[in-house]
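What follows is one structure encoded as structure tokens, with my remarks underneath.
In the text below, chain A, chain B and the rest are named by the order of the sequence lines, each starting its count at 1.
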Amino acid sequence: MSQLIQPRVLKGFRDYLPEAMMPRERLIETARQVYRSYGFAPIDTPTLEYLEILTGKGSEETDKQLYKFEDQGGRNVGMRFDLTVPLARFSAMHVPQLGTPFKRYHIATVWRGEAPQAGRYREFMQCDFDTIGTTSSVSDIETTLVIHDLLRAIGFSAFTIRINNRLVLTGLLEKLGLSEKSTLVLRALDKLAKIGPDKVVAEMTEIAGASQAQATAIVNLANVSEDVGGDSSAVLSRVAPMVSGNEKGEAGVELLQEHMAAVSAAGVSPQAVRLDVAIARGLDYYTGVIYETFLNDLPGIGSVCSGGRYDNLAGLYTKQQLPGVGASLGLDRLLAAMEQLGLIEKVRTPADVFIPFFDETRLHDYLRIAAELRAAGLGVEFYPESKKLDKQLKYADKRGFRFALIIGGHEFAEGKAQLKDLAQRESVELILEDQCAAIAAEVEQRR
RNA sequence: GUGGCUGUAGCUCAGUUGGUUAGAGCGCCAGAUUGUGGUUCUGGAAGUCGGGGGUUCGAAUCCCCUCAGCCACCCCA
């Protein structure tokens, strides 16, 4: 008698059943296609990195969330908590050979030891894309277009990409003499939509150490988008005087203007991209344009695709200055959202055609026919047991097969096959001789 | 990491003031004169009541610890 081990998974970690995995893989495939269509090339990096690579940058918060341990050789190692830090290390090592601009995408799992919640896990997948080694605003604009195409390709029409430029905020902070406290001030500002202006002002004065007047000035700027209803030229004409006289602030306004015009010229609808001077992003390293993407039907789940421009990606690892811009699609958060919105199609089988094991003596014929159909491009599942036909068909139905190819003693005798359309509940007789072409054609036509 | 709520068959849940063999629906498996699936009928399997400890004559029901989920804070995808 052996003691059973209780089967269980760690907090924030999950098993993926076929019905969860199929849409997941479809999403990954969609992301790949969109990234490639803009010339981004795939890379991968190790799950584990030397601890100093991962802890060097980022806040104490990310350090706390880092999974770290000592490996068998006594090295201090950590599991990557995002794909940006590995990209920075990768770029320091390889971009000199690869040349710039370097455009890569990276779809991989990352780990963070934080408290899980709906749409937040300890193990989750990110789909990053970045353009390294250019300061051109064209890459900023292209990044917006990629996010847009990506969400459209996934099947969303109601989403909003919120754009801002850190230079505007940096400019204002410089003007107000608050540059030193920017991290805490911006972190407070990031909560504007959530907790409202009064509490933001309170946090800025109490935690970030800003004066009442300084905090109010920042909140006033951030509120402009709200005040004028999101029209980008109206927003900019209100914001411009607030940062006038400051070089960075003025540059930021100009870049935003150019960005919005270019995106619109590329055919993106104005509803999909909005200028929002309130978004700040908590991360320190952003220096230019910043992005956050919300689903209109489920804003509470947070941003599903975020990113921005940074001046110096790999400064910790190389003296070469590597500017860049990019964004990250939160695959698992997006899937959680799609699940909540009922957008996940329940498909449980990856194959098109089901062949029941009908006549026990014809195993070789079934295997041959299945092989020929696969060669003709169809996915075919052959049932491994020759049990009652109704059981086998019930299985096919449950798994969501669209077609069953029924070939029993009668069919074999007459050289025919019966293709049953399980969704339409109808059958057609086909000649076995040329069944491959005929069946493939019939399936294609009905699909 | 901190605080709140929750945890009963595969799923959704019911279980009276702690009291005998823990229930339902759906699902699953097997049948309804052995070649055809979503309906119907019949039968069946399946639960250490998240796990561990305690109080009690007796606990799914009370207490403690622990694990997990959800929510808030924090941070972010």
Using a cut-off of 4.0 Å on non-hydrogen atoms, how would the nucleic acid contact of [X] be classed: base, sugar-phosphate, or nothing?
{"X": "A/F358", "answer": "base"}
{"X": "A/G307", "answer": "nothing"}
{"X": "A/A115", "answer": "base"}
{"X": "A/G409", "answer": "base"}

Nearest-neighbour nucleotide for the [X] side chain, [options] considered:
{"X": "A/E411", "options": "B/rG37, B/rG35, B/rA77", "answer": "B/rG35"}
{"X": "A/L393", "options": "B/rG37, B/rC70, B/rG35", "answer": "B/rG37"}
{"X": "A/K398", "options": "B/rC29, B/rA77, B/rG31", "answer": "B/rC29"}

Whether the [X] and [Y] side chains hold a donor-acceptor pair (N or O, under 3.5 Å, no angle test) is what I'd like checked.
{"X": "A/R36", "Y": "A/Y105", "result": "yes"}
{"X": "A/Q33", "Y": "A/T30", "result": "no"}
{"X": "A/D149", "Y": "A/Y38", "result": "yes"}

Does [N] have OP1 or OP2 under 4.0 Å away from a side-chain N or O of [X]?
{"X": "A/K388", "N": "B/rA32", "value": "yes"}
{"X": "A/K191", "N": "B/rC75", "value": "yes"}
{"X": "A/Q117", "N": "B/rA72", "value": "yes"}
{"X": "A/K194", "N": "B/rC73", "value": "yes"}
{"X": "A/R333", "N": "B/rC76", "value": "no"}

### Query
Out of A/R187, A/K194, A/K191, which residue meets the salt bridge (Lys or Arg N to Asp or Glu O under 4.0 Å) rule with A/E203?
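With A/E203 as partner, salt bridge (Lys or Arg N to Asp or Glu O under 4.0 Å) holds for just one option, A/K191.
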#### Entry: Basic-acidic side-chain contact under 4.0 Å: A/E142, A/K103
yes
#### Entry: Ring centroids of A/Y395 and B/rG37 base under 5.5 Å with planes under 30°
no
### Between B/rC29 (P) and A/Q392 (CD): distance, integer Å
13 Å
### Task
For A/E114 and B/rG69, give me the distance from atom CD to atom P, rounded to whole Å.
13 Å
### Query
Pick the nucleotide of RNA chain B nearest each of A/V304 and A/F13; which residue has the one closer to the 5' end?
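Closer to the 5' end of RNA chain B: A/F13.
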### Query
Of A/G330 and A/P116, whose closest RNA chain B nucleotide lies nearer the 5' terminus?
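Checking each residue's closest nucleotide, the 5'-ward one belongs to A/P116.
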Atom [atom1], compared across [N] and [M]: separation rounded to whole Å:
{"N": "B/rC5", "M": "B/rC65", "atom1": "P", "result": "13 Å"}
{"N": "B/rG58", "M": "B/rC41", "atom1": "P", "result": "45 Å"}
{"N": "B/rU8", "M": "B/rA24", "atom1": "C1'", "result": "13 Å"}
{"N": "B/rA14", "M": "B/rC57", "atom1": "P", "result": "32 Å"}
{"N": "B/rU16", "M": "B/rU34", "atom1": "P", "result": "49 Å"}
{"N": "B/rU40", "M": "B/rG18", "atom1": "P", "result": "41 Å"}

### Message
For the aromatic rings, using the six-membered ring if either is Trp, is the centroid distance between A/Y383 and A/F357 under 6.0 Å?
### Response
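Aromatic pair excluded; centres sit 6.0 Å or further apart.
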